[in-house]
There are 2 protein chains.
Amino acid sequence: MKLSARVEYGVRAMAVLAFHYQNGPLPLREIARQEEISFQFLEQIFSDLRRAGLLESVRGVRGGYLLARPPAEIKVGDIVRAVEGPITPVDCLADSPSSECRHRKEGCLTRQVWERLRDRINEVLDEVSLADLTDFKTGSID
Amino acid sequence: MKLSARVEYGVRAMAVLAFHYQNGPLPLREIARQEEISFQFLEQIFSDLRRAGLLESVRGVRGGYLLARPPAEIKVGDIVRAVEGPITPVDCLADSPSSECRHRKEGCLTRQVWERLRDRINEVLDEVSLADLTDFKTGSID
DNA sequence: CATAATCCTGAGTGATTTGGTCAGAATTAA
DNA sequence: TTAATTCTGACCAAATCACTCAGGATTATG
């Protein structure tokens, strides 16, 4: 039940971009330096984030990255799913719409639990936006 | 954000024991056969479950395993934590009581999100007992 | 135009984790 | 005494992870 380092880095890097919102593109090298993350590793992560439409890139000199939407409209869940793919606590939930659980004749009893778990995880992650993270004066997220 | 096969197997095996509750010890070999799980792998998992006090064992001929408590008093969360250890979405939460998050001067902004996530995951898993799983006549868990 | 700064991409790599297997000891009912 | 069982530690192959490496594409600036 762990998130990868990719996700942790991704969220932190996006938070940096949120702080910098509306100040023009920020070079990835700068973000990596600030957060002490491997630049080349971050490149891969940002590739996913960009493909997911969460950020835009400007190439060439004076280029960099910008959030594709205002910080309030980017949820932590968006970042997690962009970087790690959909939340699937057990493989059973990955593909099959509702089939494939053929253990025990009564059907896959445990499936309901994993579905609930998946839904709750997505809920929690979608309750918090980048704005919530950067606007730290408000203290608690609640 | 995945659970291991160990957890999936553990929960299914415990559900089998819940079905069999109060019918004397059930040999592990039988459980493994029913659920099509590697017997030797299940042995390791049951070792953890037993050490966690979730089940009792009877050695020798006609031995086997029994739930240490009634199905209603064993939560899926108990099984998950016994088999996988405590839920820690990011390593940041593993040890340090509240320290160690020294990225960015404002402190670890993202930490709150991961703490919430961890708490919610534990909540969901603790809402469902083995009795809920086996008492499938009631349909939905809610 | 040349250069340097930046994004972009695919391949490779060493360490760790995962999902098992193997071998054998300890216990106990029949 | 035997066979059924739990228990334990060592081992192993394959997958995953957290990167690194190498190099191409794009573009502002001098």
Side-chain angles (χ1 to χ4, degrees), chain A residues 1-13 17 20 24-33 35-68 80 82-85 88-92 94, chain B residues 1-13 17 20 24-33 35-68 80 82-85 88-92 94:
Chain A
M1 220 58 223
K2 281 222 195 314
L3 292 164
S4 58
R6 292 172 60 86
V7 161
E8 211 193 318
Y9 294 167
V11 172
R12 267 161 53 199
L17 278 176
H20 194 259
L26 194 57
L28 191 52
R29 196 147 239 137
E30 174 59 20
I31 303 176
R33 197 190 54 72
E35 291 292 323
E36 301 175 58
I37 298 170
S38 149
F39 164 65
Q40 302 189 101
F41 193 26
L42 245 198
E43 272 188 308
Q44 296 186 354
I45 298 167
F46 267 49
S47 168
D48 289 336
L49 292 169
R50 185 175 144 278
R51 241 168 291 179
L54 298 186
L55 38 78
E56 281 162 10
S57 58
V58 181
R59 292 175 131 208
V61 175
R62 296 195 142 228
Y65 288 93
L66 322 93
L67 296 185
V80 173
V83 168
E84 281 212 328
T88 54
V90 306
D91 291 335
C92 167
Chain B
M1 221 59 227
K2 282 222 195 311
L3 292 163
S4 58
R6 291 172 61 85
V7 162
E8 210 193 320
Y9 295 167
V11 171
R12 269 165 46 202
L17 278 177
H20 194 258
L26 194 59
L28 191 52
R29 196 149 240 136
E30 174 59 19
I31 304 176
R33 198 191 53 72
E35 291 291 324
E36 301 176 59
I37 297 170
S38 151
F39 164 64
Q40 304 190 101
F41 193 27
L42 245 199
E43 273 189 307
Q44 295 186 356
I45 298 167
F46 266 50
S47 167
D48 289 336
L49 291 169
R50 184 174 144 281
R51 239 167 293 178
L54 298 186
L55 37 79
E56 279 162 12
S57 58
V58 181
R59 293 174 131 206
V61 175
R62 295 195 142 228
Y65 288 92
L66 321 94
L67 296 186
V80 173
V83 169
E84 280 211 330
T88 53
V90 304
D91 291 335
C92 165

Would you call B:Lys2 and A:Asp91 a side-chain contact if the rule is heavy atoms closer than 4.5 Å? yes
Which nucleotide, D:dA10, D:dA28, D:dC19, lies nearest any side-chain atom of B:Gln44? D:dA10
For A:Leu3 and for A:Gly60, locate the closest nucleotide of DNA chain D by heavy-atom distance; then report the residue assigned to the nucleotide nearer the 5' terminus. A:Leu3
Of all heavy-atom pairs between B:Tyr65 and B:Leu17, which one has the smallest distance, and what is that distance? O-CD2, 3.3 Å
Write down the distance between CG (A:Asp48) and C1' (D:dA18), rounded to a whole number of angstrom. 14 Å
For the pair made of CZ in A:Arg62 and C1' in D:dT29, what is the distance, rounded to whole Å? 9 Å
Please report the interatomic distance CZ(A:Arg33) to CD(A:Glu30), rounded to the nearest 0.5 Å. 4.0 Å
From B:Leu49 CG over to B:Arg6 CZ, what is the distance, rounded to the nearest 0.5 angstrom? 8.5 Å
Grab the CD-P distance between B:Gln40 and D:dG9 for me, whole Å please. 16 Å
Counting C-beta onward and ignoring hydrogens, is there a side-chain heavy-atom pair between B:Ile37 and B:Arg12 closer than 4.5 Å? yes
By nearest nucleotide on DNA chain C, pick out whichever of A:Val61 and A:Arg50 is the more 5' one. A:Val61
Counting distance alone, no hydrogens or angles: does the base of D:dT6 have a donor or acceptor under 3.5 Å from a partner atom on the side chain of B:Glu56? no
Which of these nucleotides, D:dA4, D:dT27, D:dT8, is closest to any side-chain atom of B:Ser47? D:dT8
Round to a whole Å and report the spacing from CG of B:Leu42 to P of D:dT8. 16 Å
Covered region of DNA chain C, 5' end to 3' end, by chain A [heavy atoms, under 4.0 Å]: C:dA4 to C:dA11
Comparing nearest nucleotides in DNA chain C, the 5'-proximal residue of the pair B:Arg59, A:Phe39 is A:Phe39
Using a 3.5 Å distance criterion without hydrogens, assess whether the side chain of A:Arg50 forms a donor-acceptor pair with backbone atoms of A:Ser57. no
Quickly work out the A:Glu43 CD to D:dG23 P distance and round it to whole Å. 15 Å
Rounded off to whole Å, could you give me the CD1-to-P distance for the A:Ile37 and D:dA18 pair? 12 Å
To the nearest angstrom, how far is B:Lys2 atom NZ from D:dA15 atom P? 16 Å
Between A:Tyr9 and D:dC17, does any side-chain N or O lie under 4.0 Å from OP1 or OP2? no
Is the backbone of A:Tyr9 close enough, under 3.5 Å, to the side chain of A:Glu35 for a donor and an acceptor to pair up by distance? no
Looking for any heavy atom pair under 4.0 Å, which part of the strands does A:Tyr65 touch: base, sugar-phosphate only, or nothing? sugar-phosphate
Starting at atom CZ of A:Phe41, determine the distance to atom C1' of D:dT16, rounded to an integer number of angstrom. 12 Å
